[in-house]
Amino acid sequence: MAKKKKAKKKALKNKRHENGRGHDHVLDRLYVVIDGRKGADPDTSYTARLFSRGRQQIAKKLGEEAVEALIEGTLWAATNVKPKAIWSELARREGLSGLAEKASRKSK
């Protein structure tokens, strides 16, 4: 019975990949979103705004974010924040525009 469930799950996964949906890894989904922002309206997408400013600005922002990620990772450990909480927050934000997410923080 377990083999049938696994086979069915694998078939569904393959079908989603065949028709362009269902990227199972978060990095695959992130890549699709970022790649889709190339040429998008910079007024509606922060990533599109970065693309419109060129590679140097993208690299600068990536450097800033890398430093913040290192600091936050240390703080997570110091305050006992578990990876599950981080994954849950990232899942909550998936599909939400960075500009919209940032605007929602300002209104709180």
Side-chain angles (χ1 to χ4, degrees):
M1 187 67 169
K3 284 185 181 182
K4 278 187 176 182
K5 280 187 176 183
K6 283 184 181 181
K8 190 174 182 179
K9 188 175 180 179
K10 186 175 181 179
L12 179 60
K13 179 180 172 182
N14 289 339
K15 186 175 182 177
R16 287 191 311 236
H17 282 284
E18 287 169 6
N19 61 21
R21 297 188 326 256
H23 298 282
D24 286 341
H25 194 281
V26 67
L27 292 179
D28 293 328
R29 295 191 310 270
L30 179 61
Y31 177 83
V32 169
V33 170
I34 291 170
D35 193 52
R37 297 296 193 265
K38 290 178 184 174
D41 183 358
D43 291 332
T44 61
S45 166
Y46 185 79
T47 303
R49 191 176 298 166
L50 283 175
F51 276 123
S52 73
R53 293 178 179 165
R55 285 185 184 177
Q56 187 173 0
Q57 189 64 32
I58 294 169
K60 180 181 174 188
K61 185 61 179 175
L62 184 61
E64 292 169 3
E65 295 299 330
V67 169
E68 288 178 17
L70 289 171
I71 292 168
E72 290 164 358
T74 303
L75 288 173
W76 297 340
T79 58
N80 293 318
V81 173
K82 304 296 183 215
K84 185 176 180 177
I86 304 305
W87 287 117
S88 294
E89 179 60 17
L90 290 174
R92 183 188 71 79
R93 292 182 184 193
E94 189 171 354
L96 180 63
S97 158
L99 295 175
E101 194 280 326
K102 194 169 191 172
S104 74
R105 285 188 270 152
K106 289 180 181 180
S107 66
K108 289 181 180 181

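The number of heavy atoms from other shown groups lying within 6.0 Å of CD (Gln56) does not exceed 12.
Interatomic distance, CG of Leu30 versus CG of Asp35, reported as 11.0 Å (0.5 Å rounding). The distance from the NZ atom of Lys60 to the CD atom of Glu64 is 5.5 Å, given to the nearest 0.5 Å. Here the CG-CZ distance, from Leu62 to Arg55, works out to 13.5 Å after rounding to the nearest 0.5 Å.
Follow the hydrophobic side-chain contacts under 4.5 Å out from Val26 and you never reach Val33; the two are in separate clusters.
Between Ile86 and Leu90, some side-chain heavy-atom pair lies under the 4.5 Å cut-off.
Judged by distance alone, the side chain of Arg37 and the main-chain N or O of Ala48 form no donor-acceptor pair under 3.5 Å. A donor-acceptor pair under 3.5 Å is absent between the side-chain atoms of Ser45 and the main chain of Asp41, judged by distance alone.
Contact between Ile34 and Phe51 at its shortest, heavy atoms only, is O-CE1, 3.4 Å. Leu50 and Lys61 get closest at one heavy-atom pair: CD1-CG, 3.8 Å.
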